[in-house]
Amino acid sequence: MYQVFIAEDEPAALQHLCTIIKIKCPNFQVTGTAENGKDALEQLGELKPDILITDVKMPVMDGITLVKRAKEKYPDILSVIVSGYQEFSYARSALRYGVCDYILKPVKPSALQESMRILEGRLDEYYYGLRNQVIRDMCTGTFSESPRFRRIFPEDEYYIALLRKNSLPRRFVETRGIEIFSIKEEQMMVYGRDEVEALYICPGKLLFHNSFYQMMMH
């Protein structure tokens with residue numbers, strides 16, 4: 001589940017955003033909130049959310065400054081701006097800081113839901129790449145455990161299957177002849193020499209999925 005942080009100084013607006021995400025965006029979870037940009041920036045370092053949703057006008061530190069500083073410190077974070085119509089020209093300047101979307105207040109559930117759907121696709125691609133790199137590092141013996149490992153592999157259970165057509169199992173820590181393939185649903189395959197050996201890694205929720213069996217049979 002992807003993590004969202006919301007910076008909004010109006011309690012009613014903050015509750016509205018949290019409710020939309022809870023009800024309409026099942027693959028996202030609000031893990032932190034703040035009433036101004038300064039407090040938000042301090043919490044981002046601890047929580048490391050995937051997405052920052054921020055209002056433009058806030059006390060202490062406004063949303064534009066928050067987005068700018070958050071992007072400088074945490075380049076991978078995705079940002080969404082929400083603001084009133086009269087602030088549009090001001091908020092548009094945030095595009096230079098990599099803001100992914102701009103939503104007008106009052107926020108319509110459908111608008112936020114669509115924005116989160118698009119961001120979910122970007123995050124799927126991002127974590128897909130990270131999982132591939134971690135598996136490759138494991139296979140080549142260069143893996144060093146990261147604090148984000150749990151975020152990269154979020155499932156509680158994974159199953160591993162080694163299939164071989166001849167000989168003894170090959171040592172998968174060797175660097176020669178290793179190819180890694182995966183799909184966004186976290187199913188990964190590591191092929192050994194001449195594809196006679198294959199190591200399958202699959203989260204428990206996909207173990208009995210038809211596509212997994214079909215891929216193993218091929």
Side-chain angles (χ1 to χ4, degrees), residues 1-22 24-83 87 90-103 105 107 112 115-135 137-138 142-156 184 186:
M1 186 171 290
Y2 297 128
Q3 299 182 7
V4 180
F5 188 95
I6 301 177
E8 169 61 75
D9 65 321
E10 299 178 14
L14 175 61
Q15 183 60 47
H16 180 57
L17 291 171
C18 291
T19 300
I20 294 174
I21 292 175
K22 181 178 180 180
K24 298 290 187 178
C25 308
N27 292 327
F28 293 89
Q29 178 183 22
V30 176
T31 57
T33 63
E35 296 181 354
N36 63 74
K38 182 176 181 297
D39 289 345
L41 190 62
E42 292 174 353
Q43 292 188 59
L44 291 181
E46 178 181 352
L47 298 175
K48 294 180 173 58
D50 299 298
I51 297 174
L52 166 65
I53 299 177
T54 178
D55 188 15
V56 171
K57 296 184 69 175
M58 295 185 295
V60 186
M61 180 189 294
D62 63 62
I64 306 299
T65 304
L66 170 60
V67 167
K68 178 177 181 294
R69 295 188 180 178
K71 197 65 177 179
E72 291 172 348
K73 298 184 69 174
Y74 316 106
D76 296 328
I77 196 169
L78 303 180
S79 301
V80 174
I81 289 283
V82 295
S83 73
E87 301 156 4
Y90 175 58
R92 189 168 53 185
S93 65
L95 295 175
R96 74 186 68 173
Y97 306 125
V99 172
C100 301
D101 202 0
Y102 176 91
I103 303 176
K105 285 185 172 182
V107 175
L112 182 57
S115 180
M116 300 301 282
R117 184 190 66 79
I118 294 172
L119 294 185
E120 182 178 357
R122 292 184 58 173
L123 289 170
D124 285 346
E125 292 283 352
Y126 174 69
Y127 280 100
Y128 168 72
L130 288 182
R131 287 195 294 270
N132 271 270
Q133 187 59 52
V134 168
I135 294 299
D137 291 345
M138 287 180 172
T142 59
F143 172 72
S144 58
E145 188 168 354
S146 165
R148 300 189 68 190
F149 185 83
R150 180 63 180 170
R151 294 276 292 279
I152 299 172
F153 292 94
E155 297 297 325
D156 292 329
K184 294 171 188 174
E186 299 183 63

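Every heavy atom of this structure was used, including side-chain atoms; hydrogens, water molecules and symmetry mates were not. Counting begins at 1 with the first residue of the sequence.
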Indicate the atoms forming the closest heavy-atom contact of Ser115 with Val80, along with that distance.
OG-CG2, 4.0 Å
Contacts of type side-chain contact (heavy atoms from CB on, under 4.5 Å), residue Lys48, not counting sequence neighbours
Arg151
I'd like to know if the side chain of Tyr74 and the backbone of Gly45 have a donor-acceptor N/O pair within less than 3.5 Å.
yes
Search all heavy atoms of Lys71 against all heavy atoms of Ile77 and return the closest pair with its distance.
NZ-O, 3.2 Å
Per the side-chain hydrogen bond (donor to acceptor under 3.5 Å, both in side chains) rule, what does the pair list look like for residues 29-41, sequence neighbours excluded?
Asn36-Asp39, Lys38-Glu42
When rounded to the nearest 0.5 Å, the distance separating CD1 of Ile51 from CG of Leu123 is 5.0 Å
Determine the minimum heavy-atom distance between Ala40 and Ala7, stating which atoms define it.
CB-CB, 4.0 Å
Heavy-atom closest contact (Pro49 atom, Val4 atom, distance)
CB-C, 4.3 Å
Measure the spacing between CD of Glu120 and CG of Asn27 and express it to the nearest 0.5 Å.
4.0 Å
Can you find a heavy atom in the side chain of Ile6 that is under 4.5 Å from one in the side chain of Cys18?
yes
Please enumerate all residues that pass side-chain contact (heavy atoms from CB on, under 4.5 Å) together with Arg117, with sequence neighbours excluded.
Glu114
For Glu10, give me all partners under side-chain hydrogen bond (donor to acceptor under 3.5 Å, both in side chains), at least two apart in sequence or on another chain.
none
Non-neighbouring partners of Asp9 that pass side-chain contact (heavy atoms from CB on, under 4.5 Å), sequence neighbours left out:
Asp55, Met58, Pro59
Sequence neighbours left out, what passes side-chain contact (heavy atoms from CB on, under 4.5 Å) with Leu112? Give chain and number order.
Leu17, Ile20, Ile21, Ile53, Ile103, Val107, Met116
So, Tyr127 and Asp50: side-chain donor and acceptor under 3.5 Å apart, yes or no?
yes
Hey, could you give me the SG/CG distance between Cys100 and Leu52, rounded to the nearest 0.5 Å?
10.0 Å
Could you measure the distance from the OH atom of Tyr2 to the CG atom of Leu119? Nearest 0.5 Å is fine.
11.0 Å
Write down the atom of Val56, the atom of Ser83, and the distance for their closest heavy-atom approach.
CG2-CB, 3.3 Å
Under 6.0 Å from the CD atom of Glu46, do we count more than 12 heavy atoms belonging to anything else shown?
no
If you define the side chain from C-beta out and look only at heavy atoms, does anything of His16 sit under 4.5 Å from Glu8?
no
Are Leu44 and Phe5 packed together at the side-chain level, in the sense that at least one heavy-atom pair is separated by less than 4.5 angstrom?
yes
Using modelled atom types and a 3.5 Å cut-off, is there a donor and acceptor pairing between side-chain atoms of Lys57 and backbone atoms of Asp62?
no
Find out whether Leu78 and Asp101 are in side-chain contact, i.e. whether some heavy atom of one side chain is under 4.5 Å from a heavy atom of the other.
no
Taking it one step at a time, do Thr54 and Val82 satisfy side-chain contact (heavy atoms from CB on, under 4.5 Å)?
CA-CA 6 Å; Thr54 178; Val82 295; over 6 Å; no
